[in-house]
Amino acid sequence: MEPKQRSMFEWAMLLGLFFFITALGASLWYFSNDKDIKKPVVGIVLLGDRNEEGWNAPQYRGMKKACDAMGVELLVSDNNSGLDGKCADAVRKMVENGAGMVFLTSYSYTADGKTLIREFPQVAFGTNSAECRGRNMTSYFIRMYQGRYLTGALAGMRTKSNVIGYVAAMPNSEVNRGINAFTLGVQRTNPNARVVVMYTGSWENEEVEEEHTYRLITQEKADVITYHQDEPMAATVAEKMGVDYIGYYEDLQNGSEHDLTSIMCNWDRYYEDIVRYYLKGEMNFVDNRWVGMEADLVELSQLSDAVTYEQRTVLKQLKKEMLAGRFVFAGEIFDNKGRRRCQPNEVIRDEYLLQHMDWLVKGVDVLE
């Protein structure tokens, strides 16, 4: 081989060896660091225990299932009161551990939320409370009031005393919205019935909930009970006293004929949609994300055997109407003080429903 040819050959060999070593090094670096690639991190703050059935466990299970399906690391902090700063402390720890989005799952976190969105402008927040807004904060919820309307219609058909008891946490927009939708459903099937509400002042206070339920049944003669609390104490009392009841957030599955049905949420499907928005960088593009039966996110659990064929037929028809576009809060509506809140050809806007429902419809009595 001539010197010039040898030189070219040697250069070609060296160049090939260089590319081989470079490729091998890049490959080894990639695979050695593959396990170190950090997953997106999402946090969720719960008012009660993550295994507490009612409100907290379905929230936790739904978020965990969504994060597992999408390869997202989930940080959970439960048993956080919204009155002592525990929520804010929990969020700070989550952000320190890489959380880029945090879900605040209680209305009680409104005050902390207003502080946190300013403290962490780079973090995306989701909140169940529509009363906290920010560039990096989106209100999210499921249109539970649609299920309330249907169960109100069922209660109106079931009651014989024309008194329906409702144990409720506190008179905020969320709770009042549910009471009003329920009462409008009652009036759709039984204009003579009234809904008697007792507020407990807390999301969880089993002693007070038990006392209120007992009073509604024994003194007010309510023969159907429902509630808006984080646990089903009202249903437990009603079952012991042989009174029909309607659950909330969870399928009570006790096999009793008095367990008429429960309003259910498919939180995992909803959370998966929200997490997907976050991963795309689109979570905070709107003020609120509010969906319901039209997306199969609200449904009723299996009806009790005590619910008649005729009553089931009515419920199917009402659901069909809603899916076809009939609004719950539409047409002429008066509050229980006699003031007209909705005109005959009007629909109450979402913004008002979310933030300004500080009144109760005609047909609701509140006991102190």
Side-chain angles (χ1 to χ4, degrees), residues 41-64 67 74-97 99 101-120 123-134 136-142 144 167-179 197-213 227-236 248-250 265 267 271 274 354-355 358:
V41 181
V42 165
I44 185 170
V45 184
L46 300 167
L47 191 66
D49 190 277
R50 71 190 70 183
N51 297 312
E52 180 184 76
E53 292 299 336
W55 172 255
N56 296 290
Q59 294 284 309
Y60 166 66
R61 287 196 299 261
M63 179 61 78
K64 187 176 188 306
C67 287
L74 176 63
L75 303 179
V76 183
S77 182
D78 52 4
N79 295 304
N80 290 286
S81 168
L83 304 175
D84 53 12
K86 284 186 177 181
C87 170
D89 290 342
V91 171
R92 293 184 183 106
K93 290 180 181 178
M94 289 177 175
V95 175
E96 287 177 5
N97 288 297
M101 179 166 190
V102 178
F103 291 86
L104 308 178
T105 64
S106 174
Y107 177 89
S108 299
Y109 299 149
T110 300
D112 281 338
K114 291 176 180 178
T115 298
L116 292 165
I117 58 178
R118 294 191 298 269
E119 185 174 343
F120 301 108
V123 175
F125 288 92
T127 174
N128 285 151
S129 170
E131 297 178 20
C132 183
R133 294 288 185 87
N136 57 331
M137 171 75 86
T138 296
S139 172
Y140 73 95
F141 210 65
I142 292 178
M144 299 290 286
V167 180
M170 58 199 70
N172 60 37
S173 288
E174 176 193 339
V175 177
N176 288 349
R177 185 170 62 241
I179 294 170
V197 174
M198 293 194 73
Y199 292 109
T200 65
S202 171
W203 296 111
E204 297 181 2
N205 190 326
E206 291 190 348
E207 182 178 352
V208 176
E209 292 163 35
E210 182 176 12
E211 291 173 355
H212 283 2
T213 306
Y227 55 92
H228 192 141
Q229 301 285 164
D230 279 1
E231 73 284 305
M233 175 53 69
T236 300
Y248 195 46
Y249 300 137
E250 62 175 319
C265 294
W267 282 109
Y271 275 134
I274 293 180
L354 281 166
Q355 301 181 59
D358 56 358

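Since we're looking at a predicted model, the values are computed, not measured. The chain is numbered in sequence order, starting from 1.
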Going through the distances and angles, do Asp230 and Leu47 end up as a side chain to side chain contact (heavy atoms under 4.5 Å, CB included)? CA-CA 9 Å; Asp230 279 1; Leu47 191 66; 3.7 Å; yes
Evaluate Glu209 against Glu231 for side chain to side chain contact (heavy atoms under 4.5 Å, CB included), listing each step before the verdict. CA-CA 10 Å; Glu209 292 163 35; Glu231 73 284 305; 2.4 Å; yes
If you apply the rule side chain to side chain contact (heavy atoms under 4.5 Å, CB included), what do you find for Val208 with Ser202, and how did you get there? CA-CA 9 Å; Val208 176; Ser202 171; over 6 Å; no
Assess the residue pair Leu46 and Glu52 against the criterion (side chain to side chain contact (heavy atoms under 4.5 Å, CB included)); give the C-alpha distance rounded to whole Å, side-chain angles, the decisive distance to 0.1 Å, and a yes or no. CA-CA 10 Å; Leu46 300 167; Glu52 180 184 76; over 6 Å; no
Go through it in stages, so that I can follow the logic: the residues are His228 and Tyr199, the test is side chain to side chain donor-acceptor pair (under 3.5 Å), and I'd like the CA-CA distance, side-chain angles, deciding distance and then a yes or no. CA-CA 9 Å; His228 192 141; Tyr199 292 109; over 6 Å; no
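Here the side chain of Asn176 pairs no donor or acceptor atom with the backbone of Asp358 at under 3.5 angstrom. A side-chain donor-acceptor contact under 3.5 Å links Asn79 to the backbone of Asp49. Side-chain N or O atoms of Asn80 include none that pairs as donor or acceptor with a backbone N or O of Val45 at under 3.5 Å.
In terms of heavy-atom proximity, Ala234 sits nearest to Val167 at CB-CG2, 4.2 Å. In this structure, Val197 and Ala168 approach most closely via the heavy-atom pair CG1-CB, 4.2 Å. Residue Leu354 comes nearest to Ser173 through the heavy atom pair O-CB, 3.4 Å, listed as atom of the first residue, atom of the second, then distance. Closest heavy-atom contact between Gly113 and Leu104: CA-CD1, 3.9 Å. Pairing each heavy atom of Val76 with each of Met94, the nearest pair is C-CE, 3.9 Å. Considering every non-hydrogen atom in both Gly43 and Ala99, the closest pair reads N-CB, 4.3 Å.
Side-chain contact between Thr236 and Thr213 is absent, with no heavy-atom pair separated by less than 4.5 Å. Using a 4.5 Å cut-off on side-chain heavy atoms (C-beta onward), Tyr248 and Gln229 make no contact. Contact of the Glu119 side chain with the Arg92 side chain is registered, since non-hydrogen atoms from C-beta on lie closer than 4.5 Å. Looking only at side-chain heavy atoms (C-beta outward), Glu174 and Arg177 come within less than 4.5 Å of each other. Val175 is listed as a side-chain neighbour of Trp203, based on a closest heavy-atom distance under 4.5 Å. Using a 4.5 Å heavy-atom cutoff, the side chains of Asn128 and Tyr107 are not in contact. Taking the side chain as every heavy atom from C-beta outward, Leu75 and Asn97 approach each other to under 4.5 Å. You'll find the side chain of Asn56 reaches within 4.5 Å of the side chain of Glu204, heavy atoms only.
A search for ring pair (Phe, Tyr, Trp, His ring centres under 6.0 Å) contacts involving Tyr109 returns nothing, not counting sequence neighbours. Listed by chain and number, the residues in a ring pair (Phe, Tyr, Trp, His ring centres under 6.0 Å) with Phe103 are Tyr140, Tyr271 (sequence neighbours excluded). Remark: Glu206 engages no residue in a side-chain hydrogen bond (donor to acceptor under 3.5 Å, both in side chains) (not counting sequence neighbours).
Atom CE of Met101 and atom OG1 of Thr138 lie 6.5 Å apart (nearest 0.5 Å). Between the CG atom of Asp112 and the CD1 atom of Ile117 there is a distance of 11.5 Å, given to the nearest 0.5 Å. For the atom pair CG (Asn172) and CD (Gln355), the distance works out to 12.5 Å, reported to the nearest 0.5 Å. Atom CZ of residue Arg50 and atom OG of residue Ser77 lie 8.0 Å apart, to the nearest 0.5 angstrom.
Aromatic ring orientation, Trp55 versus Trp267: perpendicular (interplanar angle above 60°, classes split at 30° and 60°).
A salt bridge does not link Lys86 to Asp89: none of the charged side-chain nitrogens sits closer than 4.0 Å to a carboxylate oxygen.
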